[in-house]
Undergrad: 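I'd like to ask some things about the structure below.
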Amino acid sequence: MKDCSPDAIHRSVNGEVYIGNSCIGCGNCQKNCPYGVIQLEVKKDYARRNLWQTLFGLPESSRSESAEPQGGHSKAVKCDMCKDIIAGPACVRSCPTGAAMRASPEDFLGLIR
Ligand code: SF4
Ligand code: SF4
């Protein structure tokens with residue numbers, strides 16, 4: 001996308017569009033996406049949580065105010081079709097009614113005919 005100065009938006013060989021790590025959170029893609037697909041997510045800085053809290057998701061101790069997330073810069077996020085998950089899209093696998101599915105454009109056109 002030409003408005004993404006760090007060139008963080010990419011398309012994989014299978015067609016999935018994803019946001020790379022060079023995103024600086026400027027918000028241009030979110031503002032310009034006509035479908036509302038891209039959102040800005042504030043990355044939390046958990047660097048001050050101790051190892052056990054981080055590994056096991058334990059609550060921060062009441063003694064440690066520094067364990068609170070410190071905020072951080074925003075990053076653009078969007079569905080990337082779970083492109084790196086071999087088992088396939090997590091939403092498809094977890095949908096109890098089978099309503100979520102992934103189909104190629106050709107298959108999709110066949111389904112709606
Ligand atoms: S928010 Fe990130 S991905 Fe979106 S245009 Fe800005 S740098 Fe690029
Ligand atoms: S779980 Fe579904 S909606 Fe979420 S990234 Fe994966 S494919 Fe996209």
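Residues: numbered from 1 along the sequence shown. As the structure lists them, so they are numbered: ligands from 1, and atoms in each ligand from 1.
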Undergrad: Could you check Ile38 against Val77 for side chain to side chain contact (heavy atoms under 4.5 Å, CB included), going step by step and ending with a plain yes or no?
TA: CA-CA 6 Å; Ile38 303 179; Val77 292; over 6 Å; no

Undergrad: Distance-only, no hydrogens or angles: does the Arg11 side chain make a donor-acceptor pair with backbone N or O of Tyr18 under 3.5 Å?
TA: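 Not at all, since once roles are kept as given, no pair shorter than 3.5 Å links the two residues.
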
Undergrad: Please determine whether Cys79 has a backbone or side-chain N, O or S atom lying under 2.8 Å from atom 2 (Fe) of ligand 2.
TA: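 It does not: Cys79 brings no N, O or S atom closer than 2.8 Å to atom 2 (Fe) of ligand 2.
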
Undergrad: Could you enumerate the protein N, O or S atoms under 2.8 Å from atom 8 (Fe) of ligand 1, written like residue then atom name?
TA: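 Protein N/O/S atoms under 2.8 Å of atom 8 (Fe) of ligand 1: Cys4 SG.
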
Undergrad: Taking atom CD1 of Ile112 as the centre, does the number of heavy atoms from other residues, nucleotides or ligands within less than 6.0 Å exceed 12?
TA: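 Yes - once you tally the heavy atoms of other residues, nucleotides and ligands closer than 6.0 Å, there are more than 12.
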
Undergrad: Numbering the atoms of ligand 2 from 1, which are under 4.0 Å from a heavy atom of Pro89?
TA: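 Near Pro89, the atoms of ligand 2 are 7 (S).
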
Undergrad: Among all protein non-hydrogen atoms, which one is nearest to atom 6 (Fe) of ligand 2, and what is the separation to 0.1 Å?
TA: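 Protein heavy atom with the smallest distance to atom 6 (Fe) of ligand 2: Cys82 SG, 2.2 Å.
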
Undergrad: I need the atoms of ligand 2 closer than 4.0 Å to a non-hydrogen atom of Met81, numbered in the order shown.
TA: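 This gives 7 (S), 8 (Fe) as the contact atoms.
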
Undergrad: Do any non-hydrogen protein atoms sit less than 4.0 Å from atom 4 (Fe) of ligand 2?
TA: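 Given the 4.0 Å cut-off, atom 4 (Fe) of ligand 2 does not count as touching protein heavy atoms.
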
Undergrad: Spell out, as yes or no, whether a donor-acceptor pair under 3.5 Å connects the side chain of Asp3 to the backbone of Asn28.
TA: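 Not confirmed, Asp3 side chain does not pair with Asn28 backbone.
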
Undergrad: Give the atom numbers and elements of ligand 2 that come within less than 4.0 Å of a heavy atom of Ala90.
TA: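 Going through ligand 2 atom by atom, the ones under 4.0 Å from Ala90 are 1 (S).
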
Undergrad: Under 4.5 Å between any side-chain heavy atoms of Gln39 and Gln30, yes or no?
TA: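 They are in side-chain contact.
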
Undergrad: Closest non-hydrogen protein atom to atom 1 (S) of ligand 2, residue and atom name please, with distance?
TA: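 Residue, atom and distance for the closest contact: Cys91 N, 3.3 Å.
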
Undergrad: Between Arg102 and Glu16, does any NZ, NE, NH1 or NH2 come within less than 4.0 Å of an OD or OE carboxylate oxygen?
TA: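 Yes, Glu16 and Arg102 are salt-bridged.
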
Undergrad: So, does Lys75 use its side chain to make a donor-acceptor pair with the main chain of Ile24 at under 3.5 Å?
TA: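 Looks like no, no N/O pair under 3.5 Å.
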
Undergrad: With rounding to the nearest 0.5 angstrom, report the CG to SG distance, Leu40 to Cys26.
TA: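 Here the rounded value is 8.0 Å.
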
Undergrad: OG/Ser22 to CD1/Ile9 distance, rounded to the nearest 0.5 angstrom?
TA: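 So the OG of Ser22 and the CD1 of Ile9 are separated by 9.5 Å.
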
